[in-house]
Each structure stands twice: as structure tokens, then as C-alpha cells.
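Only this structure's heavy atoms are used, side chains among them; waters, hydrogens and symmetry mates stay out.
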Amino acid sequence: MDAFTAGLLQRIRTTESDLTKARETGDDFLADVEQGELDDLRRLAAEHGVEISTASV
């Protein structure tokens with residue numbers, strides 16, 4: 001796995017975790033921000049052929 005793929009997958013995992021925390025604490029604004037970031041990261045992964053396992057987030 002190259003550095004780009006590893007970094008992208010790590011960012012996705014971190015963002016998924018941050019999104020879960022934001023939802024659990026009721027921070028709707030932060031949840032929206034994290035969801036937007038996650039959407040962008042997933043789009044980037046798809047554009048570059050990086051397979052990601054989908055979480056329940």
C-alpha cells in the first residue's frame with residue numbers, strides 16, 4: 001500500500017470516529033462538518049480506485 005492510500009484510509013477512519021463523537025455529544029454543526037469531510041474523502045478514494053470498507057457511520 002502506498003503512502004497516499006494509507007494516508008487517505010487513515011483520514012477516513014479518523015473522520016468516521018470524529019463524526020460518531022460529534023453525533024454522540026449532540027454537536028449538530030460539527031457532525032455536519034465531519035459528514036462533509038467524510039463525503040469528500042470517500043469521493044477522493046473512489047476517484048483514485050481506493051477501496052474502503054464502509055462503516056455504519
### Task
State, to 0.1 Å, how close Ala31 and Ala22 come at their nearest heavy-atom pair, and which atoms those are.
N-CB, 3.7 Å
### Query
Is a side-chain N or O of Thr5 found less than 3.5 angstrom from the main chain of Met1, in a donor-acceptor match?
no
### Task
Starting from Val33, walk the hydrophobic network (Ile, Leu, Val, Met, Phe, Trp, Tyr; side-chain heavy atoms closer than 4.5 Å) and list everyone else you reach, by chain and number.
Phe29
### Summary
The reported gap from OG1 in Thr25 to CG in Leu30 (rounded to nearest 0.5 angstrom) is 7.0 Å
### Message
Thr20 vs Glu16, test: side-chain hydrogen bond (donor to acceptor under 3.5 Å, both in side chains). Steps then yes/no.
### Response
CA-CA 6 Å; Thr20 298; Glu16 287 174 337; over 6 Å; no
### Message
Is there a path of hydrophobic side-chain contacts, each under 4.5 Å between heavy atoms, that joins Leu9 and Leu19?
### Response
yes
### Query
Which residue pairs pass the ring-ring contact (aromatic ring centres under 6.0 Å, His included) test with at least one member in residues 6-26, sequence neighbours excluded?
none
### Task
Go through the structure and list residues passing salt bridge (charged side-chain N to carboxylate O under 4.0 Å, His left out) with Glu47, not counting sequence neighbours.
Arg43
### Query
Do any pairs count as a ring-ring contact (aromatic ring centres under 6.0 Å, His included) and have a residue in residues 6-25, sequence neighbours left out, and if so which ones?
none
### Task
With sequence neighbours left out, write down each residue that passes salt bridge (charged side-chain N to carboxylate O under 4.0 Å, His left out) with Glu37, or none if nothing qualifies.
Arg11
### Message
I need the Thr15 OG1 to Asp39 CG distance, nearest 0.5 Å.
### Response
10.5 Å
#### Entry: Straight-line distance of Arg42 CZ to Leu8 CG, nearest 0.5 Å
11.5 Å
#### Entry: Pairwise distance CD(Gln35) to CG(Asp28) - rounded to 0.5 angstrom
12.5 Å
## Note on the structure
The salt bridge (charged side-chain N to carboxylate O under 4.0 Å, His left out) partners of Arg13 (sequence neighbours excluded) come to none
